[in-house]
**Student:** 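Let me give you the structure first, and then I'll get to my questions.
For clarity, every value in this text was computed on a predicted model and none was experimentally measured. Just so you know, residue 1 is the first one in the sequence shown, and it goes up from there.
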Amino acid sequence: MKTALVTLGRLPKGLALCRALARAGWRVVVAEPSKRHLCGLSKYVAASHEVTAPNTDRDAYLREMLDVVARETVSLIVPVSEEIMHVAALGPMLPGGVHLFCQPFDRLLELHDKFRFNRLAAGFGLPVPKTHLPGTPEAAQLAASHDVVLKPGLGCAGMGVEHVTAGAELPRTGDGAILVQKALLGRHTSSFSIVHEGQVLGTVVYTPEVVSNTVAAAFRRVEGEAASHQAAWVERFVAGTGHSGFISLDFIDDEAGIPHAIECNPRTTSGIHFVDEDWLARAITAPESAGPMRLKPHPVMHQFWPVLTEVQGAMFRPGRGYGHKMGVLLKSKEVNFEWGDAKPVTLQVWAAWDILRRSAQTGESFGEASTFDIAWKG
(Lines give C-alpha, C1' and ligand atoms only; values in the text may rest on other atoms or scores of the structure.)
Protein backbone atom coordinates (compact mmCIF):
# COMPACT_ATOMS: atom_id res chain seq x y z
CA MET A 1 0.00 0.00 0.00
CA LYS A 2 1.38 3.40 -1.00
CA THR A 3 1.53 6.16 1.61
CA ALA A 4 0.36 9.74 1.11
CA LEU A 5 1.34 12.62 3.39
CA VAL A 6 -1.28 15.36 3.90
CA THR A 7 0.57 18.41 5.21
CA LEU A 8 -2.04 19.97 7.51
CA GLY A 9 -4.65 18.36 9.72
CA ARG A 10 -6.55 21.18 11.37
CA LEU A 11 -8.92 22.17 8.56
CA PRO A 12 -11.94 20.44 6.97
CA LYS A 13 -10.19 20.69 3.58
CA GLY A 14 -7.48 18.39 4.89
CA LEU A 15 -10.07 15.91 6.15
CA ALA A 16 -11.65 15.79 2.69
CA LEU A 17 -8.26 14.93 1.20
CA CYS A 18 -7.52 12.26 3.80
CA ARG A 19 -10.85 10.53 3.24
CA ALA A 20 -10.57 10.68 -0.54
CA LEU A 21 -7.06 9.22 -0.66
CA ALA A 22 -7.76 6.54 1.94
CA ARG A 23 -10.83 5.34 0.07
CA ALA A 24 -8.74 5.15 -3.08
CA GLY A 25 -6.44 2.64 -1.35
CA TRP A 26 -3.74 4.93 0.02
CA ARG A 27 -2.36 4.80 3.52
CA VAL A 28 -2.70 8.39 4.76
CA VAL A 29 -0.49 10.13 7.33
CA VAL A 30 -0.71 13.75 8.45
CA ALA A 31 1.92 16.29 9.52
CA GLU A 32 0.59 19.07 11.74
CA PRO A 33 2.15 21.65 14.11
CA SER A 34 -0.72 21.26 16.63
CA LYS A 35 -0.80 18.38 19.10
CA ARG A 36 -4.45 17.66 18.29
CA HIS A 37 -6.31 18.35 15.10
CA LEU A 38 -9.40 17.47 13.10
CA CYS A 39 -7.84 14.85 10.82
CA GLY A 40 -6.30 13.06 13.79
CA LEU A 41 -9.84 12.07 14.83
CA SER A 42 -10.60 10.32 11.54
CA LYS A 43 -10.44 6.57 11.10
CA TYR A 44 -8.98 7.20 7.62
CA VAL A 45 -5.71 8.59 9.04
CA ALA A 46 -3.12 5.94 9.88
CA ALA A 47 -0.71 8.22 11.76
CA SER A 48 -0.22 11.85 12.79
CA HIS A 49 3.15 13.56 13.24
CA GLU A 50 3.60 16.74 15.24
CA VAL A 51 6.08 19.05 13.50
CA THR A 52 7.50 22.49 14.25
CA ALA A 53 5.34 25.30 12.87
CA PRO A 54 7.04 26.80 9.79
CA ASN A 55 6.61 30.34 11.12
CA THR A 56 8.40 29.31 14.32
CA ASP A 57 11.41 27.68 12.65
CA ARG A 58 11.13 27.04 8.92
CA ASP A 59 14.36 25.04 8.67
CA ALA A 60 13.25 22.74 11.50
CA TYR A 61 9.86 22.34 9.81
CA LEU A 62 11.44 21.24 6.54
CA ARG A 63 13.84 18.84 8.28
CA GLU A 64 11.01 17.24 10.23
CA MET A 65 8.84 16.95 7.13
CA LEU A 66 11.65 15.14 5.33
CA ASP A 67 12.00 12.85 8.34
CA VAL A 68 8.29 11.98 8.13
CA VAL A 69 8.66 11.24 4.42
CA ALA A 70 11.55 8.87 5.14
CA ARG A 71 10.06 7.13 8.19
CA GLU A 72 6.65 6.58 6.61
CA THR A 73 8.00 5.73 3.12
CA VAL A 74 5.85 8.46 1.62
CA SER A 75 5.44 8.52 -2.16
CA LEU A 76 2.89 11.35 -2.47
CA ILE A 77 2.75 14.71 -0.63
CA VAL A 78 -0.46 16.75 -0.82
CA PRO A 79 -0.49 20.30 0.62
CA VAL A 80 -3.77 21.60 2.02
CA SER A 81 -3.79 25.34 2.72
CA GLU A 82 -1.48 28.26 3.47
CA GLU A 83 1.36 25.92 4.43
CA ILE A 84 1.82 25.12 0.75
CA MET A 85 4.27 28.03 0.39
CA HIS A 86 6.56 26.32 2.89
CA VAL A 87 5.94 22.77 1.66
CA ALA A 88 6.88 23.78 -1.90
CA ALA A 89 10.45 24.30 -0.70
CA LEU A 90 10.69 20.54 -0.12
CA GLY A 91 10.70 19.85 -3.85
CA PRO A 92 14.46 19.89 -4.51
CA MET A 93 15.13 17.99 -1.25
CA LEU A 94 12.87 15.00 -1.85
CA PRO A 95 14.21 11.57 -2.74
CA GLY A 96 13.40 10.04 -6.11
CA GLY A 97 9.95 8.54 -6.44
CA VAL A 98 8.23 11.08 -4.15
CA HIS A 99 5.67 13.24 -5.93
CA LEU A 100 4.86 16.66 -4.50
CA PHE A 101 1.40 17.75 -5.65
CA CYS A 102 2.16 21.41 -6.18
CA GLN A 103 4.19 23.76 -8.34
CA PRO A 104 7.70 24.96 -7.42
CA PHE A 105 7.90 27.81 -4.93
CA ASP A 106 8.66 30.58 -7.44
CA ARG A 107 5.64 29.70 -9.57
CA LEU A 108 3.36 29.55 -6.54
CA LEU A 109 4.60 32.92 -5.35
CA GLU A 110 3.69 34.51 -8.68
CA LEU A 111 0.07 33.54 -7.98
CA HIS A 112 0.05 34.03 -4.21
CA ASP A 113 1.38 37.59 -4.51
CA LYS A 114 -1.75 39.62 -5.30
CA PHE A 115 0.06 42.32 -7.27
CA ARG A 116 2.04 39.89 -9.42
CA PHE A 117 -1.08 37.81 -10.01
CA ASN A 118 -3.03 40.88 -11.08
CA ARG A 119 -0.35 41.85 -13.59
CA LEU A 120 -0.03 38.30 -14.90
CA ALA A 121 -3.79 37.95 -15.48
CA ALA A 122 -4.01 41.39 -17.09
CA GLY A 123 -1.25 40.32 -19.45
CA PHE A 124 -3.48 37.48 -20.64
CA GLY A 125 -6.27 39.97 -21.33
CA LEU A 126 -8.42 38.66 -18.47
CA PRO A 127 -10.71 40.97 -16.46
CA VAL A 128 -9.12 42.07 -13.18
CA PRO A 129 -9.68 45.25 -11.13
CA LYS A 130 -7.20 48.10 -11.53
CA THR A 131 -4.46 47.54 -8.93
CA HIS A 132 -1.50 49.75 -8.07
CA LEU A 133 1.14 50.23 -5.39
CA PRO A 134 0.70 53.09 -2.89
CA GLY A 135 2.91 56.08 -3.53
CA THR A 136 2.55 55.84 -7.30
CA PRO A 137 0.73 58.39 -9.49
CA GLU A 138 -1.54 55.60 -10.75
CA ALA A 139 -2.68 54.75 -7.22
CA ALA A 140 -3.34 58.38 -6.38
CA GLN A 141 -5.37 58.89 -9.55
CA LEU A 142 -7.41 55.74 -8.95
CA ALA A 143 -8.17 56.65 -5.31
CA ALA A 144 -9.14 60.19 -6.24
CA SER A 145 -11.91 59.03 -8.58
CA HIS A 146 -13.06 55.67 -7.16
CA ASP A 147 -13.59 53.87 -3.90
CA VAL A 148 -10.65 51.55 -3.39
CA VAL A 149 -9.65 48.59 -1.26
CA LEU A 150 -6.35 48.48 0.60
CA LYS A 151 -5.12 44.93 1.10
CA PRO A 152 -1.89 43.12 2.02
CA GLY A 153 -0.07 41.84 -1.03
CA LEU A 154 0.61 38.51 0.70
CA GLY A 155 -2.47 38.32 2.94
CA CYS A 156 -4.95 35.50 3.41
CA ALA A 157 -8.45 34.83 4.81
CA GLY A 158 -9.55 38.42 4.12
CA MET A 159 -7.26 39.77 6.83
CA GLY A 160 -6.09 43.38 6.77
CA VAL A 161 -8.52 44.51 4.08
CA GLU A 162 -9.72 48.14 4.34
CA HIS A 163 -12.33 49.95 2.22
CA VAL A 164 -11.46 53.58 1.46
CA THR A 165 -13.88 56.07 -0.09
CA ALA A 166 -12.91 58.13 -3.10
CA GLY A 167 -10.66 61.09 -2.28
CA ALA A 168 -9.34 59.75 1.04
CA GLU A 169 -5.62 59.87 1.80
CA LEU A 170 -3.62 56.75 0.99
CA PRO A 171 -0.53 55.22 2.61
CA ARG A 172 2.63 56.50 1.01
CA THR A 173 4.71 53.36 1.04
CA GLY A 174 5.15 51.62 -2.28
CA ASP A 175 6.98 48.47 -1.17
CA GLY A 176 4.24 46.04 -2.22
CA ALA A 177 3.21 45.18 1.35
CA ILE A 178 -0.09 47.00 0.70
CA LEU A 179 -1.98 47.27 -2.57
CA VAL A 180 -4.54 49.80 -3.80
CA GLN A 181 -7.30 48.09 -5.77
CA LYS A 182 -10.45 49.51 -7.33
CA ALA A 183 -13.45 48.47 -5.25
CA LEU A 184 -16.03 46.35 -7.05
CA LEU A 185 -19.46 46.07 -5.47
CA GLY A 186 -21.16 43.25 -7.39
CA ARG A 187 -21.73 39.57 -6.68
CA HIS A 188 -18.88 37.72 -4.95
CA THR A 189 -18.07 34.20 -6.18
CA SER A 190 -15.16 31.82 -5.79
CA SER A 191 -13.80 28.95 -7.85
CA PHE A 192 -11.88 25.80 -7.00
CA SER A 193 -10.12 23.84 -9.74
CA ILE A 194 -7.80 20.90 -10.15
CA VAL A 195 -5.56 21.31 -13.17
CA HIS A 196 -2.79 19.40 -14.88
CA GLU A 197 -0.10 20.86 -17.15
CA GLY A 198 -2.23 23.78 -18.27
CA GLN A 199 -5.45 21.78 -18.67
CA VAL A 200 -8.42 22.17 -16.32
CA LEU A 201 -9.66 18.81 -15.07
CA GLY A 202 -12.62 20.40 -13.35
CA THR A 203 -13.88 23.64 -11.78
CA VAL A 204 -16.59 24.26 -9.22
CA VAL A 205 -17.93 27.79 -8.67
CA TYR A 206 -19.62 28.76 -5.40
CA THR A 207 -20.76 31.76 -3.41
CA PRO A 208 -20.84 32.52 0.33
CA GLU A 209 -24.11 31.62 2.04
CA VAL A 210 -23.15 32.43 5.65
CA VAL A 211 -20.02 34.43 6.51
CA SER A 212 -18.20 34.29 9.85
CA ASN A 213 -15.96 37.35 10.14
CA THR A 214 -14.25 37.39 6.72
CA VAL A 215 -14.50 33.65 5.96
CA ALA A 216 -17.43 31.75 4.47
CA ALA A 217 -18.85 29.22 6.92
CA ALA A 218 -21.50 28.00 4.46
CA PHE A 219 -21.38 28.07 0.69
CA ARG A 220 -23.75 27.50 -2.25
CA ARG A 221 -22.69 25.96 -5.55
CA VAL A 222 -23.26 28.13 -8.63
CA GLU A 223 -24.18 26.18 -11.76
CA GLY A 224 -24.85 26.59 -15.46
CA GLU A 225 -24.65 29.95 -17.20
CA ALA A 226 -24.18 31.75 -13.88
CA ALA A 227 -20.79 30.02 -13.49
CA SER A 228 -19.67 30.02 -17.12
CA HIS A 229 -17.67 33.26 -17.06
CA GLN A 230 -15.63 32.15 -14.03
CA ALA A 231 -14.96 28.71 -15.52
CA ALA A 232 -13.84 30.26 -18.82
CA TRP A 233 -11.60 32.71 -16.92
CA VAL A 234 -9.91 29.82 -15.13
CA GLU A 235 -9.37 27.89 -18.36
CA ARG A 236 -7.67 30.83 -20.09
CA PHE A 237 -5.50 31.59 -17.08
CA VAL A 238 -4.41 28.00 -16.52
CA ALA A 239 -3.63 27.56 -20.22
CA GLY A 240 -1.47 30.68 -20.08
CA THR A 241 0.45 29.64 -16.97
CA GLY A 242 0.69 25.88 -17.56
CA HIS A 243 -0.27 25.37 -13.91
CA SER A 244 -0.66 21.96 -12.25
CA GLY A 245 -2.28 21.17 -8.91
CA PHE A 246 -4.97 23.07 -7.02
CA ILE A 247 -5.91 26.62 -7.95
CA SER A 248 -8.66 28.80 -6.48
CA LEU A 249 -9.81 32.30 -7.34
CA ASP A 250 -12.06 34.97 -5.84
CA PHE A 251 -14.24 37.02 -8.19
CA ILE A 252 -16.37 40.15 -7.84
CA ASP A 253 -18.69 41.33 -10.62
CA ASP A 254 -18.27 44.81 -12.05
CA GLU A 255 -21.13 47.18 -12.91
CA ALA A 256 -21.83 45.22 -16.10
CA GLY A 257 -22.00 41.91 -14.24
CA ILE A 258 -18.64 40.65 -15.57
CA PRO A 259 -16.63 38.69 -12.97
CA HIS A 260 -13.19 40.16 -12.22
CA ALA A 261 -10.64 38.01 -10.39
CA ILE A 262 -9.48 39.93 -7.30
CA GLU A 263 -6.96 37.36 -6.07
CA CYS A 264 -5.66 33.83 -6.53
CA ASN A 265 -5.02 31.08 -3.99
CA PRO A 266 -2.82 28.33 -5.50
CA ARG A 267 -4.22 25.78 -3.02
CA THR A 268 -7.46 24.23 -1.83
CA THR A 269 -10.44 26.27 -0.68
CA SER A 270 -13.93 25.38 0.51
CA GLY A 271 -14.96 24.43 -3.02
CA ILE A 272 -13.24 21.08 -2.47
CA HIS A 273 -16.20 19.99 -0.34
CA PHE A 274 -18.47 19.93 -3.41
CA VAL A 275 -16.20 17.49 -5.26
CA ASP A 276 -16.88 13.76 -5.32
CA GLU A 277 -14.14 12.12 -3.28
CA ASP A 278 -13.50 9.23 -5.67
CA TRP A 279 -12.95 11.70 -8.51
CA LEU A 280 -10.82 13.92 -6.26
CA ALA A 281 -8.43 11.08 -5.47
CA ARG A 282 -8.12 10.13 -9.13
CA ALA A 283 -7.49 13.73 -10.19
CA ILE A 284 -4.60 13.89 -7.71
CA THR A 285 -3.06 10.47 -8.31
CA ALA A 286 -3.87 9.80 -12.00
CA PRO A 287 -4.86 13.11 -13.63
CA GLU A 288 -4.49 11.78 -17.18
CA SER A 289 -7.40 9.38 -16.62
CA ALA A 290 -9.56 11.41 -14.22
CA GLY A 291 -12.33 12.20 -16.69
CA PRO A 292 -14.87 15.02 -16.17
CA MET A 293 -15.20 16.38 -12.64
CA ARG A 294 -17.93 14.70 -10.58
CA LEU A 295 -19.71 16.65 -7.86
CA LYS A 296 -21.59 15.67 -4.73
CA PRO A 297 -25.38 16.12 -4.89
CA HIS A 298 -25.50 18.79 -2.17
CA PRO A 299 -26.04 22.37 -3.46
CA VAL A 300 -25.23 23.96 -0.08
CA MET A 301 -22.56 22.89 2.41
CA HIS A 302 -21.75 24.26 5.86
CA GLN A 303 -19.32 23.95 8.74
CA PHE A 304 -21.38 23.25 11.85
CA TRP A 305 -19.63 25.16 14.61
CA PRO A 306 -19.00 28.47 12.77
CA VAL A 307 -22.56 28.52 11.44
CA LEU A 308 -23.96 27.66 14.88
CA THR A 309 -21.99 30.61 16.28
CA GLU A 310 -23.51 32.88 13.63
CA VAL A 311 -27.01 31.57 14.43
CA GLN A 312 -26.52 32.30 18.11
CA GLY A 313 -25.17 35.77 17.35
CA ALA A 314 -28.23 36.59 15.22
CA MET A 315 -30.79 35.31 17.73
CA PHE A 316 -33.09 38.09 19.00
CA ARG A 317 -31.20 40.64 16.88
CA PRO A 318 -33.33 41.91 13.97
CA GLY A 319 -31.55 42.31 10.66
CA ARG A 320 -28.85 39.72 11.38
CA GLY A 321 -30.47 37.00 9.24
CA TYR A 322 -31.38 34.56 12.01
CA GLY A 323 -34.01 32.71 9.95
CA HIS A 324 -31.73 32.28 6.95
CA LYS A 325 -28.79 31.11 9.03
CA MET A 326 -30.89 28.66 10.98
CA GLY A 327 -32.30 27.31 7.72
CA VAL A 328 -28.79 26.74 6.38
CA LEU A 329 -27.79 24.96 9.58
CA LEU A 330 -30.80 22.64 9.51
CA LYS A 331 -31.20 21.95 5.80
CA SER A 332 -27.73 21.82 4.24
CA LYS A 333 -24.95 19.21 4.38
CA GLU A 334 -22.27 19.52 7.06
CA VAL A 335 -18.84 19.22 5.41
CA ASN A 336 -17.19 17.06 8.09
CA PHE A 337 -20.00 14.70 9.03
CA GLU A 338 -19.94 11.15 7.76
CA TRP A 339 -21.67 8.07 9.16
CA GLY A 340 -18.99 5.75 10.47
CA ASP A 341 -16.45 8.55 10.89
CA ALA A 342 -18.31 10.94 13.18
CA LYS A 343 -15.52 11.90 15.61
CA PRO A 344 -14.28 14.82 13.49
CA VAL A 345 -17.66 16.51 14.07
CA THR A 346 -18.53 15.37 17.59
CA LEU A 347 -15.05 16.15 18.96
CA GLN A 348 -14.27 19.13 16.73
CA VAL A 349 -14.22 21.63 19.60
CA TRP A 350 -11.67 19.48 21.42
CA ALA A 351 -9.55 19.20 18.26
CA ALA A 352 -9.67 22.96 17.61
CA TRP A 353 -9.22 24.02 21.23
CA ASP A 354 -5.81 25.66 20.68
CA ILE A 355 -7.23 27.73 17.82
CA LEU A 356 -10.32 28.72 19.81
CA ARG A 357 -8.21 29.68 22.82
CA ARG A 358 -5.88 31.84 20.73
CA SER A 359 -8.85 33.55 19.09
CA ALA A 360 -10.37 34.33 22.50
CA GLN A 361 -7.08 35.57 23.95
CA THR A 362 -5.94 37.72 21.05
CA GLY A 363 -9.22 38.85 19.50
CA GLU A 364 -8.19 37.33 16.17
CA SER A 365 -10.82 35.81 13.91
CA PHE A 366 -10.91 32.03 13.65
CA GLY A 367 -9.28 32.34 10.21
CA GLU A 368 -6.40 34.38 11.61
CA ALA A 369 -5.94 32.10 14.61
CA SER A 370 -5.90 28.99 12.43
CA THR A 371 -3.23 30.27 10.01
CA PHE A 372 -0.93 32.50 12.09
CA ASP A 373 1.74 29.79 12.38
CA ILE A 374 1.61 28.54 8.78
CA ALA A 375 0.71 31.49 6.52
CA TRP A 376 3.64 32.61 4.32
CA LYS A 377 4.05 36.39 4.34
CA GLY A 378 7.46 36.79 2.80
**Student:** At what distance, to the nearest 0.5 angstrom, does CG of Leu100 lie from CG of Leu76?
**Tutor:** 8.5 Å

**Student:** Side chain to side chain donor-acceptor pair (under 3.5 Å) between Thr189 and Gln230: does it pass, once the steps are laid out?
**Tutor:** CA-CA 8 Å; Thr189 54; Gln230 294 90 329; 3.0 Å; yes

**Student:** Tell me if a side-chain donor or acceptor on Thr285 pairs with a main-chain N or O of Ala281 at a distance below 3.5 Å.
**Tutor:** yes

**Student:** Counting distance only, does the side-chain N/O of Ser212 pair as donor-acceptor with the main-chain N or O of Ala217 below 3.5 Å?
**Tutor:** no

**Student:** Consider only side-chain heavy atoms of I, L, V, M, F, W and Y, link residues closer than 4.5 Å, and tell whether Val195 and Leu111 are in one cluster.
**Tutor:** yes

**Student:** Under the 3.5 angstrom rule, does the side chain of Arg221 hit a backbone N or O of Gly271 as a donor-acceptor pair?
**Tutor:** no

**Student:** Same hydrophobic cluster for Phe105 and Ile77, using side-chain heavy-atom links shorter than 4.5 Å among ILVMFWY?
**Tutor:** no

**Student:** For the pair His86 (side chain) and Ile374 (backbone), establish whether a donor and an acceptor sit closer than 3.5 Å, ignoring hydrogens and angles.
**Tutor:** yes

**Student:** Please determine whether a side-chain nitrogen of the Lys or Arg among Lys35 and Glu50 lies less than 4.0 Å from a carboxylate oxygen of the Asp or Glu.
**Tutor:** yes

**Student:** Compare every heavy atom of Val275 with every heavy atom of Lys296, then report the nearest pair and how far apart it is.
**Tutor:** CE-O, 3.3 Å

**Student:** Check whether Thr131 reaches the backbone of Asn118 with its side chain - one donor and one acceptor, N or O, closer than 3.5 Å.
**Tutor:** no

**Student:** Determine, for Asp278 against Arg23, whether the closest basic-nitrogen to carboxylate-oxygen distance falls under 4.0 angstrom.
**Tutor:** no

**Student:** If we ignore hydrogens and angles and just use 3.5 Å, is the side chain of His196 paired with the main-chain N or O of Gln199 as donor and acceptor?
**Tutor:** no

**Student:** Do Phe316 and Tyr322 have ring centroids that are under 6.0 Å from one another?
**Tutor:** no

**Student:** Do Leu133 and Ile262 sit in the same hydrophobic cluster, where Ile, Leu, Val, Met, Phe, Trp and Tyr count as joined when their side-chain heavy atoms come under 4.5 Å apart?
**Tutor:** no

**Student:** If the condition is side chain to side chain contact (heavy atoms under 4.5 Å, CB included), which residues does Asp57 pass it with, not counting sequence neighbours?
**Tutor:** Thr52, Asp59, Ala60

**Student:** Going by distance alone, is a donor N or O of one side chain under 3.5 Å from an acceptor N or O of the other, for Thr269 and Tyr206?
**Tutor:** yes

**Student:** Check residues 121-129 and write down every donor-acceptor pair under 3.5 Å in which the side-chain atom is one partner and the other belongs to a residue at least two apart or another chain.
**Tutor:**
none

**Student:** Taking the six-membered ring of Phe372, is the NZ or CZ of Arg358 close enough (under 6.0 Å from the centre) and on axis enough (within 45°)?
**Tutor:** yes

**Student:** Between Ser359 and Leu356, is there a donor-acceptor pair closer than 3.5 Å when you use the side chain of the first and the backbone of the second?
**Tutor:** no

**Student:** I need the Glu310 CD to His324 NE2 distance, nearest 0.5 Å.
**Tutor:** 11.0 Å

**Student:** Just how far is it from atom CG of Leu295 to atom CG of Leu280, taken to the nearest 0.5 Å?
**Tutor:** 11.0 Å

**Student:** If the plane angle is over 60° it's perpendicular, under 30° parallel, otherwise tilted; pick one for His302 and Phe304.
**Tutor:** tilted

**Student:** If you round to the nearest 0.5 Å, how far is CE of Met301 from OG of Ser332?
**Tutor:** 8.5 Å

**Student:** Given the rule that I, L, V, M, F, W and Y join up when any side-chain heavy atoms are under 4.5 Å apart, are Leu41 and Val345 in one cluster?
**Tutor:** no

**Student:** The test is side chain to side chain donor-acceptor pair (under 3.5 Å); show your working for Ser248 and Asn265 and say whether it passes.
**Tutor:** CA-CA 5 Å; Ser248 307; Asn265 298 300; 5.9 Å; no

**Student:** Main chain of Glu197, side chain of Ser244: is a donor-acceptor contact present, judged purely on distance under 3.5 Å?
**Tutor:** yes

**Student:** Aromatic ring centroids of Phe117 and Phe237 under 6.0 Å?
**Tutor:** yes

**Student:** I need the minimum non-hydrogen distance between Pro259 and Phe251, along with the two atoms involved.
**Tutor:** CB-CD2, 3.9 Å

**Student:** Going by side-chain contact (heavy atoms from CB on, under 4.5 Å), Phe219 matches just one of Val335, Val210, Val300, Thr207. Which one?
**Tutor:** Val335

**Student:** Using a strict 4.0 Å threshold on nitrogen-to-oxygen distance, state whether Asp341 and Lys43 make a salt bridge.
**Tutor:** no

**Student:** Could you tabulate the donor-acceptor pairs under 3.5 Å formed by side-chain atoms of residues 5-12, not counting sequence neighbours?
**Tutor:**
from  : atom 1 : to     : atom 2 : distance (Å)
Thr7  : OG1    : Glu83  : OE2    : 2.6
Arg10 : NE     : Glu32  : OE1    : 3.4
Arg10 : NE     : Glu32  : OE2    : 3.0
Arg10 : NH1    : Ser370 : O      : 2.8
Arg10 : NH1    : Asp373 : OD1    : 2.8
Arg10 : NH2    : Glu32  : OE2    : 2.6
Arg10 : NH2    : Asp373 : OD2    : 3.1

**Student:** Under 4.0 Å between a Lys/Arg side-chain N and an Asp/Glu carboxylate O for Glu263 and Lys151?
**Tutor:** yes

**Student:** Can a side-chain donor-acceptor contact be found between Glu72 and His49 if the only test is distance below 3.5 angstrom?
**Tutor:** yes

**Student:** Would Val148 end up clustered with Leu185 when hydrophobic side chains under 4.5 Å apart are linked, directly or stepwise?
**Tutor:** no

**Student:** Distance-only, no hydrogens or angles: does the Trp279 side chain make a donor-acceptor pair with backbone N or O of Ala290 under 3.5 Å?
**Tutor:** yes

**Student:** Give a yes-or-no answer on whether the side chains of Tyr44 and Glu338 include a donor-acceptor pair shorter than 3.5 Å.
**Tutor:** yes

**Student:** If we ignore hydrogens and angles and just use 3.5 Å, is the side chain of His243 paired with the main-chain N or O of Arg107 as donor and acceptor?
**Tutor:** no

**Student:** Nearest 0.5 Å, what's the OG-CD1 distance between Ser193 and Ile272?
**Tutor:** 11.5 Å

**Student:** When you check the side-chain N and O atoms of Ser48 and His37, is any donor under 3.5 Å from an acceptor?
**Tutor:** yes

**Student:** Verify the neighbour count for atom NZ of Lys130: are there more than 12 heavy atoms of other residues, nucleotides or ligands below 6.0 Å?
**Tutor:** no

**Student:** Find out whether Val80 and Arg267 are in side-chain contact, i.e. whether some heavy atom of one side chain is under 4.5 Å from a heavy atom of the other.
**Tutor:** no

